[in-house]
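The first residue in the sequence is number 1, and the count goes up from there. Quick caveat: nothing in here was measured; it's all calculated off a predicted structure. Each ligand, and each atom within it, is numbered from 1 in the order the structure gives.
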Amino acid sequence: MPGFEFFSDLERQEVHDVLSTGVLMRYGFDAMRNGHWKAKELEQELENRLHVKHAQLVASGTAAVSVSLAVAGIGAGDEVIMPTFTFVASFEAVMMLGAVPVLVDIDDTLTLDPAAVEKAITLKTKAIMPVHMCGSMANLEALQGICNTHNLLLIEDACQAIGATYNGKALGTIGDVGCFSFDFVKTITCGEGGAVVTNNSAYATHADHYSDHGHDHVGTDRGAEGHPFLGYNFRISELNAAVGLAQVKRLPEFIAIQKAHYTILREALSQIPEITFRAVPEGGEESYAFLSFFLPDLNLARYASKALKEAGVDGCFHYYDNNWHYIRKWEHLKDLKTLYPVSAEVKDGLKYLQTKTFEQSDHYIGRNLSCLIKLSWTEAEVKARAASMVATINAVIAAR
Ligand SMILES: *Cc1c(COP(=O)(O)O)cnc(C)c1O
């Protein structure tokens, strides 16, 4: 998945364009910038490649999630339904607005279980936010149906799934708003960066203003711009956007390499009858950033994870025991450890975490291993890795 593996002269040239003028800012300084508008160009590329009307670059994927919710009017006390398996950023971004993350179970897609979502809906629910983890997706048709029935917004956290599609459409462009991350370990990187995408022009205007202090971007004198509403600074710099501009042009190449490596590994692991693979909803095509599969039980998954590390097979994550991606280890959230007082709405809204258990999520995450697909492997390396994985997992199963 990581685009940083392929940092090349293409990236260096784009960055050099920016350094040659010294205009590191995405807005203004028209006379000085010698025609270089890297952030604008990257937004245009994203719109063209993802077939979406509007893309707004921001400083990070976390900012993209906050901006997505803000532009749709989600704030204090509003409930956002999201999965127990995600990156901590997804709930941080919700809480930054004073909204309440309502965590619900995942299913064998490793993303939101539509039945669990339906049960969690209350009068305060404003949005459903699937997180398309590890290059694949939630059942968007089912979730869209629930949103239509209950008049809710669908916000896609597609930070880990650029390049994946559902019924031929790019993930992130199917809901009301979508979010991408271009941090250093994502499929394409800006170093740090993110994007909000939408086909809704009002949301697009909100995102443009909100991510730059509410400036309306009318005219050429920034100091004279109006402020139709309050905003923050979530801007990306031209240097970061320049790196992303080179990377986005290589996205099809990255996805093709991921698919080739994934296919070799998957075919090898398919020989092990005890292994089942993550479900991909009908009409879905993964980005192949990870190969995710299930072992028969938690203990076997733990042993396999340990044995793979010992065999030198790096990048296979057992998220059940991981601090970043699964609810089991989020004591800081459950105990609401903050540096500052939080609103009564958030305090009350998160009380459920003191008692709620997630057996269904444990059932899937406990047995899951997700293995990162690297771009830089040679075919021989992938084949050797496949053989090593099969031998290691077979040995763990035999020793049961
Ligand atoms: C990486 C990531 C984010 C946050 O992106 P940053 O650019 O690191 O802030 C949000 N959600 C998910 C699912 C992610 O993987």
Side-chain angles (χ1 to χ4, degrees), residues 1-4 39 42 46 55-70 80-97 99 101 103-104 106 109-112 127-138 140 154-164 170-172 175 177-197 207 211 232-237 239-241 243-244 247-248 258 278 286-290 292 315 317 319 322-327 329-330 333 361 365 368 370 372-373:
M1 109 161 163
F4 72 76
L42 177 50
L46 288 168
Q56 176 70 43
L57 285 174
V58 289
S60 69
T62 313
V65 178
S66 285
V67 172
S68 295
L69 296 163
V80 178
I81 295 177
M82 49 173 287
T84 52
F85 175 49
T86 178
F87 177 43
V88 291
S90 315
F91 65 73
E92 292 166 357
V94 172
M95 291 169 67
M96 205 206 76
L97 301 168
L103 303 176
V104 310
I106 56 155
T109 64
L110 296 179
T111 63
L112 278 180
I128 298 175
M129 185 166 80
V131 183
H132 305 307
M133 288 296 280
C134 304
S136 186
M137 67 215 76
L140 287 167
L154 186 63
I155 315 267
E156 296 178 74
D157 179 341
C159 288
Q160 289 197 12
I162 195 161
L171 288 194
V177 197
C179 319
F180 293 103
S181 163
F182 306 124
D183 80 20
F184 195 52
V185 297
K186 295 304 202 286
T187 301
I188 57 174
T189 186
C190 290
E192 299 284 359
V196 175
V197 298
S211 59
Y232 281 105
N233 175 5
F234 289 123
R235 292 188 308 261
I236 194 167
S237 86
L239 286 172
N240 294 93
V243 176
Q247 290 252 309
V248 78
Q258 287 180 172
R278 165 196 207 163
E286 299 181 66
S287 76
Y288 308 100
F290 286 82
S292 302
F317 303 102
Y319 288 115
N322 170 300
N323 290 351
W324 287 25
H325 294 282
Y326 188 51
I327 177 128
K329 301 271 187 149
W330 295 340
L333 173 66
S361 300
I365 294 296
N368 165 248
S370 282
L372 183 66
I373 304 290

Donor-acceptor pair, Ser66 side chain versus Ala93 backbone, under 3.5 Å? yes
Pocket residues of ligand 1, ordered first by chain and then by residue number (heavy-atom cut-off under 4.0 Å): Ser60, Gly61, Thr62, Phe87, Ala89, Ser90, Val131, Met133, Asp157, Cys159, Gln160, Ser181, Asp183, Lys186, Gly193
Ser60 side chain to Gly193 main-chain N or O, any donor-acceptor pair under 3.5 Å? no
Using 30° and 60° as the class boundaries, would you call the ring planes of Phe317 and Tyr319 parallel, tilted or perpendicular? parallel
Could I get the full list of side chain to side chain contact (heavy atoms under 4.5 Å, CB included) partners for Thr109, not counting sequence neighbours? Asp107, Thr111, Ala279, Pro281
In terms of ring plane angle, is the pair Phe85 and Tyr326 parallel, tilted or perpendicular, where the classes change at 30° and 60°? perpendicular
Quick one: does any side-chain atom of Asn240 pair with a main-chain N or O of Gly191 as donor and acceptor, under 3.5 Å? no
